[in-house]
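Please read the structure below before turning to the comments.
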Amino acid sequence: MIDLYSFQTSAIAFIIAFFAAGLFTILFKIVYQWATPYNEHELIRDGNVAAALTLGAALIGYVLPLASALAHTFTLAEFASWALLAGVIQIVVFTVVRRFVMPDFSTRIVRGEMAAATYMASISITVGVLNAACMTN
């Protein structure tokens, strides 16, 4: 038999968590696109797969620790702290790679070079997995 009160409480908690996670994801996407020196929206609209792959992987790399934070936190404030940290880490890693590891990265993405996009995608997802694992303690 279903306990209606527990179900309603769980449903409300789900809605709040899902809304908060969605909002943080949208905010991360906006800040990440602001931090990149190229316009993902235009590049993707023009069919630039490299830009789409890089942005998509950054989102996955962000959402992985977000999911871990959802599973391991008990308050919205605690979740928000982890969400903010996950976003900062993704953007810092992107900036470090773009400036120091592959200084011509932005130009290569604008040209649609998949090697550069795949490299950055791999880094974004790897950082997201490590970040998520670190949030379990």
message: I'd like to check the side-chain contact (heavy atoms from CB on, under 4.5 Å) partners of Glu78; sequence neighbours left out, ordered by chain and number.
response: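 Once residues adjacent in sequence are excluded, the partners of Glu78 under the side-chain contact (heavy atoms from CB on, under 4.5 Å) criterion are Thr73, Phe74, Thr75, Trp82.
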Grouping I, L, V, M, F, W and Y whenever their side-chain heavy atoms are under 4.5 Å apart, do [X] and [Y] come out in a common cluster?
{"X": "Val127", "Y": "Val129", "value": "no"}
{"X": "Ile123", "Y": "Tyr62", "value": "yes"}
{"X": "Val31", "Y": "Val97", "value": "yes"}
{"X": "Leu66", "Y": "Leu59", "value": "yes"}
{"X": "Leu55", "Y": "Val110", "value": "yes"}

Look up atom [atom1] in [X] and atom [atom2] in [Y], then write down how far apart they are to the nearest 0.5 Å.
{"X": "Ile109", "Y": "Met120", "atom1": "CD1", "atom2": "CE", "answer": "7.5 Å"}
{"X": "Trp34", "Y": "Asn39", "atom1": "CH2", "atom2": "CG", "answer": "14.5 Å"}
{"X": "Leu64", "Y": "Asn131", "atom1": "CG", "atom2": "CG", "answer": "9.0 Å"}
{"X": "Gln33", "Y": "Ile44", "atom1": "CD", "atom2": "CD1", "answer": "7.0 Å"}

field: Atom CZ of Arg45: over 12 foreign heavy atoms under 6.0 Å
entry: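 Count over threshold, so yes.
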field: Backbone of Ala51 reached by a side-chain donor or acceptor of Asn48 within 3.5 Å
entry: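 Pair found, side chain donor or acceptor close to backbone of Ala51.
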- prompt: Can the ring centres of Phe94 and Phe105 be said to be less than 6.0 Å apart?
  reply: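 Judged by ring-centre distance (under 6.0 Å), Phe94 and Phe105 do meet the cut-off.
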query: Quick check, are the ring centers of Phe24 and Phe79 under 6.0 angstrom apart?
result: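 They qualify: ring centres under 6.0 Å apart.
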- request: Could you pull out all residues at least two apart from Arg111 that satisfy salt bridge (Lys or Arg N to Asp or Glu O under 4.0 Å)?
  value: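 Only Glu113 meet the salt bridge (Lys or Arg N to Asp or Glu O under 4.0 Å) criterion with Arg111.
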His72 and Met135: CA distance, side-chain angles, deciding distance, side-chain contact (heavy atoms from CB on, under 4.5 Å) verdict: CA-CA 7 Å; His72 295 97; Met135 289 184 184; 5.7 Å; no
query: Going through the checks in order, is the side-chain contact (heavy atoms from CB on, under 4.5 Å) test met by Phe28 and Gln90?
result: CA-CA 9 Å; Phe28 169 77; Gln90 278 293 329; 3.8 Å; yes
task: Test Val92 against every option in Thr95, Val88, Ile89 by the side chain to side chain contact (heavy atoms under 4.5 Å, CB included) rule and name the one that passes.
output: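 Answer after filtering Thr95, Val88, Ile89: Val88.
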- request: Please lay out, stage by stage, how Thr25 and Val63 fare under the test side-chain contact (heavy atoms from CB on, under 4.5 Å).
  value: CA-CA 7 Å; Thr25 302; Val63 170; 3.9 Å; yes
